[in-house]
Each structure stands twice: as C-alpha cells, then as structure tokens.
Amino acid sequence: MDVLLFGIAKDIVGNSEIQITSKEKIPNSVQELKDYLIRKFPDFGKLSSFAVAVNSEYAQDDVPLNRNDEIAIIPPVSGG
Amino acid sequence: MDVLLFGIAKDIVGNSEIQITSKEKIPNSVQELKDYLIRKFPDFGKLSSFAVAVNSEYAQDDVPLNRNDEIAIIPPVSGG
Amino acid sequence: MSKKIVAIVDRIDTSQVFTELSDAQSGGICVFVGTVREFTQGEEVVSLEFETYQKMALKEMDKIALDAAKKWNLNIVIIRHAVGLKKVEEPVVVVGASSAHRDACFEACRYLIDTLKETVPIWKKEMFENKTVWVSAHP
Amino acid sequence: MSKKIVAIVDRIDTSQVFTELSDAQSGGICVFVGTVREFTQGEEVVSLEFETYQKMALKEMDKIALDAAKKWNLNIVIIRHAVGLKKVEEPVVVVGASSAHRDACFEACRYLIDTLKETVPIWKKEMFENKTVWVSAHP
C-alpha cells in the first residue's frame, strides 16, 4: 500500500511517499492508517490534526482502504 | 443668486443653471430655496427627494444662503 | 492608510487595480467593480450615461475613503468612478482596499460602494430603446 | 453559473481578472486577492512556499465554486491559486464572482476564500531569516 505525503507530513517521514508492505499489518481503514502512522512516526501525534484522502476525497475514519486506492495524508491545510 | 443643476434637475428646468435675480424674493435659506423651486417648477415636488449643496457640501434646511455661495441642487444620486 | 486614490475618470482601467492596491504590509486586497448590465427589470439597456458635480463628488469620495480608514485598519484605498456614456459590460466604478487581514478589506470594500451609492453626487441615466430614465429620481 | 475557472498556476496574473469575470448579465464583480505580507506576528517573512496535492485541490476548488453557485445567483466564478516560491507582495490566490447585484458577488467572494482556506489541500511554508514553519501544522 502506497501513501502520498504532503507538507509537514513529508518532512516528518523524510519522503513524499510511504510504502506499507505486507511484512507489516496493512491498515484496513482510515482509522487504522492513522494509528499506524502515529505509532511509527510519533510526530504525527503532535500535529493540530491530520486527515486522510482516499481517491482524492476526504475520508472519514471508518472508510475501508483497498490496495488500489490512491491514499494521501492531508496535514492541516494553509492555502490562501 | 446662481444655482447649479444636475441630472434630472437640469431636465426639469431646461438649463444647467438658474439665476434668481433681485426682481424676485431671493431665498435666504436652503428651505426657502427648496420652496422657491417647487413653486416655480412643480416637477421638483414629484422627485423622490432632493438636496441642496452649499459650497459643495450637503446643507440642512436651516443653512443660510449667501450671494457668494456656490449653490447646487442635488437630485437623488445614482452612482455606482 | 498609506495611500488613497480618489478620482473621476472618463474610462476605468481595471488591469492595474491590484498593482495599485498592493503593498508589503497587506495580506489581502478586496475590489468591487460595478459594470453596465444588459437588462434592468426585464428591459434591455442600450447604454448608461453618468453625470457628476465633480468638485463635490471628489470631496464626498475623499470623506468615504477617510471614514473607511478610521473604521478599519487599511493600507491603501481606491475609489474611482467613470463619467460619460457607458456601454453594456463596461466598468463604471471601482472601489478597493488592502489590509493586513482579509476581514478589514472585505468590510471596507462593501462600505465604500454602499456609501458611494448613497452620498456621492453622480447621476445615472439609463437609455432604453424608446426612453431614457434618471435612475432613482422618482418614487 | 455560465463560466467557471478553477486552476493551480505557477504565477497569478491579476491584470485580466475583471475581464475574465465580466459579462453582460452582471452589474457587480467582487474579487479578493491574497498576497504575501512582509511580517507575521512581528517576524519578517523572507518568502513563502506553497505546495499542493493538485488532483485533490482542483476537485475541492471545483466543489467550492459549484456550492457558491448553488447558494448565490452567480454568472462567473474564478478560483486560482499559485504554487511554488512567492516573495513579499506577490499574489498567491485570487477568487472572484460576478452577479447581477452586488450582494451576491460580495457574499460569494467571501465564501470562496473562507472555504478554500478550510478545505483545499494546499500548504504554506513560511521562510524567516533563521527558520521555516509549516503554517497551522501545530496547535
């Protein structure tokens, strides 16, 4: 599973993408992905908030994740 | 006494200025000028409203008029 | 307020407005442009003609700009009105303000146009196919 | 809504905005431009850098334009955001709307920028003399 990273999320991970391989437990939902990130990169827990986009739409915590989805981490936006 | 006219006031009088000569009773205040205009050109009475400017400032009805003042009739404005 | 532009002109050029309102202390610029609309109450407007009492109009526009700068923290204010014959789609008025944060410039911009329409001695004549009307003259 | 312009660009050109928003059915055009301000909370900003998730940002901007056109009677809507490095005074975002009467374009313009700042995946990094900060990232 590939996860796209933007803004500060990219800085936290040190890369513009995370690959979660089947050696780990692949997150099945947005909530599981958030938990995975905070566990692996504790700095995610220090953000004001962060959202997950599935196929370029904001996704609630209970949305299931599939291998072919385009998944992205959306840290607090600050456009404008 | 010269009175400048703009917009519909000019159309009512048929001129861009009225000269009130001393053959008539010269209005001594804004109120008297308004009364004079409505008496002489009844179409002024049909307007939504009209104001008088003395030396290019809006003037209340009790403001006195002097011969050297720049006096103008301000029909309802509609800029913008 | 560090700059104030108040003017009556023959033709409005909208292309420079944001450049005129831009400065290093501003994070937001809000501009309103009034243009000639093709239909008024279902009737087709051919053109508009604007007339002004220029000396007084400039004084009143100046007051509006100063009042706005008292009410809000503004950096630059523009009030520019066109006179003469205007065709459909042509700009007739442009008002704008720049400020550090967007609340101030939005509120000021609305105030500028609302107050201009109430107090500035400018008169608009609408020309239709078969008649002309001085706007707002009659109840 | 007869026209909608939604775009992510490298550089914002403000000179054409009013021409793009002009049409015969509109009497009012309201535009907001966000620019780079020199100081943020007393600290001098050297430059800003904007990054976006472009595919999603365009989708969200499109939703905002459509929502605005549902809420108000608008003729043309523009939402355009710049990305990359921006210096002080450079425009970074322009939103605007045209409508028959001015209430609609003012309210819509405010809605466009407020909602953009809440939902569109664009991130701003402030570069100061000695540090860089991702805006809003931390409580």
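We name chains A, B, ... by the order of the sequence lines, and we start the count at 1 in each one. Atoms considered below: every heavy atom in the structure, side chains included; atoms not considered: hydrogens, waters and symmetry mates.
Put simply, the side chain of B/E70 reaches to within 4.5 Å of the side chain of C/Y53, judged on heavy atoms. Counting only heavy atoms from C-beta outward, the side chains of C/M56 and B/E57 never approach each other to under 4.5 Å.
For C/T52, the part sitting under 4.5 Å from any heavy atom of chain B is the backbone (N, CA, C, O) and nothing else. At a 4.5 Å heavy-atom cutoff, the contact between C/H138 and chain B is made by backbone and side-chain atoms alike. For chain C, the nearby part of B/D11 is the side chain; its heavy atoms alone come within less than 4.5 Å. For C/F50, the part lying under 4.5 angstrom from a heavy atom of chain B is the side chain only. The contact between C/K59 and chain B is made entirely by side chain atoms (from C-beta outward), counting heavy-atom distances below 4.5 Å. Of the atoms belonging to C/V92, it is side-chain heavy atoms, and not backbone ones, that fall under 4.5 Å from chain B. The part of C/W134 that comes within reach of chain B is its side chain, from C-beta onward, which places non-hydrogen atoms under 4.5 angstrom from that chain. Of the atoms belonging to C/E60, it is side-chain heavy atoms, and not backbone ones, that fall under 4.5 Å from chain B. Both the backbone and the side chain of B/Y58 come within contact range of chain C, each with at least one heavy atom under 4.5 Å from a heavy atom of that chain.
The environment of C/N73 atom CG is sparse: at most 12 non-hydrogen atoms of other residues, nucleotides or ligands sit within 6.0 angstrom. Counting non-hydrogen atoms of other residues, nucleotides and ligands closer than 6.0 Å to CG of B/N66 gives a total above 12. More than 12 heavy atoms of other residues, nucleotides or ligands shown are found within 6.0 angstrom of CD on B/E24.
Between the OG atom of C/S136 and the CG atom of B/L47 there is a distance of 11.5 Å, given to the nearest 0.5 Å.
Residues C/T119 and B/V77 share a closest heavy-atom pair of N-CG2, 4.2 Å.
Under a 3.5 Å cut-off, the side chain of C/K55 and the backbone N or O of B/S56 do not form any donor-acceptor pair. Listed for the B/S78 side chain is no donor-acceptor partner under 3.5 Å among the backbone atoms of C/W123.
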